[in-house]
Amino acid sequence: MKKISLLIPVIFIISCMFHTEVYRFTSDYPDSYWHKGRQMLKKEIEDLSLILNFSRVDNRKIYFDVCFLNKTGDSILISPDNVKCLFISASGDTTFASAINPEDVIDNLDKKAQRETAENNCGECMDAGMCFFEVIDTFQDHKKTPQELEEAEVSRREREENTAFRREEYKKTMEEIEHRRKFFSETALRKTTLKPDESISGKVLFNFPYDTVKILLTLNTENREFKFTFNKVIREPEERKKKYSKYPRD
């Protein structure tokens, strides 16, 4: 068992080392321009204009920024349900994925918040009950031995420490839920009927396979299909460049 317990942190450290890479993807799409270090791809089909760029890879998710402008005379439904990705690895393996649906995530976060609040309220009720019994028990202090009084004090301190820990964990969990909910409700691209001369922008994101070297991104809006190809950019970390460069760097 000792050997296994020693191997676990080693395996964890090694697994983390393989996922410290900074990912970047660019496209050879001809109608593109650069803005603040990001390649912006622009395409228009039947008066529906789209501007898109790769944003980042973070926490096993890949993000794209999209902006639609409706220059038609009709309303058009824009939905992340119609955004798909095909991830291709260096070995040729493929993974098909749909964009993460913000409505599903928000619904799950709201349910989780309700569960966490219910569990916290239950904990508060139990703490209140324990406090009540502790107060009642103090009326018997004159009958207790010094050892019993010490044991009661230790038990009280442990309960207070557990209560403080539970409350802090609840606070952290609710803050994390609120942070994620705010992103998916305000920043992510959500299902919207785009009226004439209106625009909408937001982020679409997918679960990301780390071995991806090529991405085929497709966005469908009614009878229009926008397709883009992205290729992984290989970048050496600065530390490695400095270590193996022939020339000194400032």
_For I100 and K61: C-alpha separation, side-chain torsions, deciding distance, then whether side chain to side chain contact (heavy atoms under 4.5 Å, CB included) applies._
CA-CA 10 Å; I100 294 174; K61 302 288 188 296; 3.4 Å; yes
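K214 places a side-chain heavy atom less than 4.5 Å from the side chain of T229. Two residues are said to be in side-chain contact when any heavy atoms from C-beta on lie closer than 4.5 Å; V66 and V83 fail this criterion.
Between T193 and S75, the shortest heavy-atom distance links the atoms CG2-CB, 3.8 Å. Contact between L48 and N70 at its shortest, heavy atoms only, is CD1-CA, 4.0 Å.
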Per-pair distances, 0.1 Å, donor-acceptor, side chain in residues 173-184, under 3.5 Å, sequence neighbours excluded:
{"unit_1": "T173", "atom_1": "OG1", "unit_2": "E169", "atom_2": "O", "d": "2.9"}
{"unit_1": "R181", "atom_1": "NE", "unit_2": "D110", "atom_2": "OD1", "d": "2.7"}
{"unit_1": "R181", "atom_1": "NH2", "unit_2": "D110", "atom_2": "OD2", "d": "3.2"}

In a table with atom names and distances, give each donor-acceptor pair under 3.5 Å that connects a side chain of residues 218-227 to protein atoms at least two apart or in another chain.
{"unit_1": "E222", "atom_1": "OE2", "unit_2": "L77", "atom_2": "N", "d": "3.3"}
{"unit_1": "R224", "atom_1": "NE", "unit_2": "I45", "atom_2": "O", "d": "3.1"}
{"unit_1": "R224", "atom_1": "NH2", "unit_2": "E46", "atom_2": "O", "d": "3.3"}

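Residue pairs satisfying the salt bridge (charged side-chain N to carboxylate O under 4.0 Å, His left out) criterion with at least one member in residues 72-94, sequence neighbours excluded, are absent.
Put simply, L41 and L205 are part of two different groups of oily side chains (I, L, V, M, F, W, Y) that touch within less than 4.5 Å, one to the next.
E103 is linked by a salt bridge (charged side-chain N to carboxylate O under 4.0 Å, His left out) to R190, counting only residues two or more places apart in sequence or in another chain. Contacts of N121 classified as side-chain hydrogen bond (donor to acceptor under 3.5 Å, both in side chains), with partners at least two apart in sequence or in another chain: none.
F64 and F230 have tilted rings, their planes meeting at an angle from 30° to 60° on a 0 to 90° scale.
Dense packing is recorded around CZ of F96, with more than 12 heavy atoms of other residues, nucleotides or ligands lying under 6.0 Å away.
Cluster partners of M40 are Y33, I51, counting Ile, Leu, Val, Met, Phe, Trp and Tyr whose side-chain heavy atoms approach within less than 4.5 Å, directly or via other members.
A ring pair (Phe, Tyr, Trp, His ring centres under 6.0 Å) with Y23 holds for exactly one of F87, Y63, F54, F208; it is F208.
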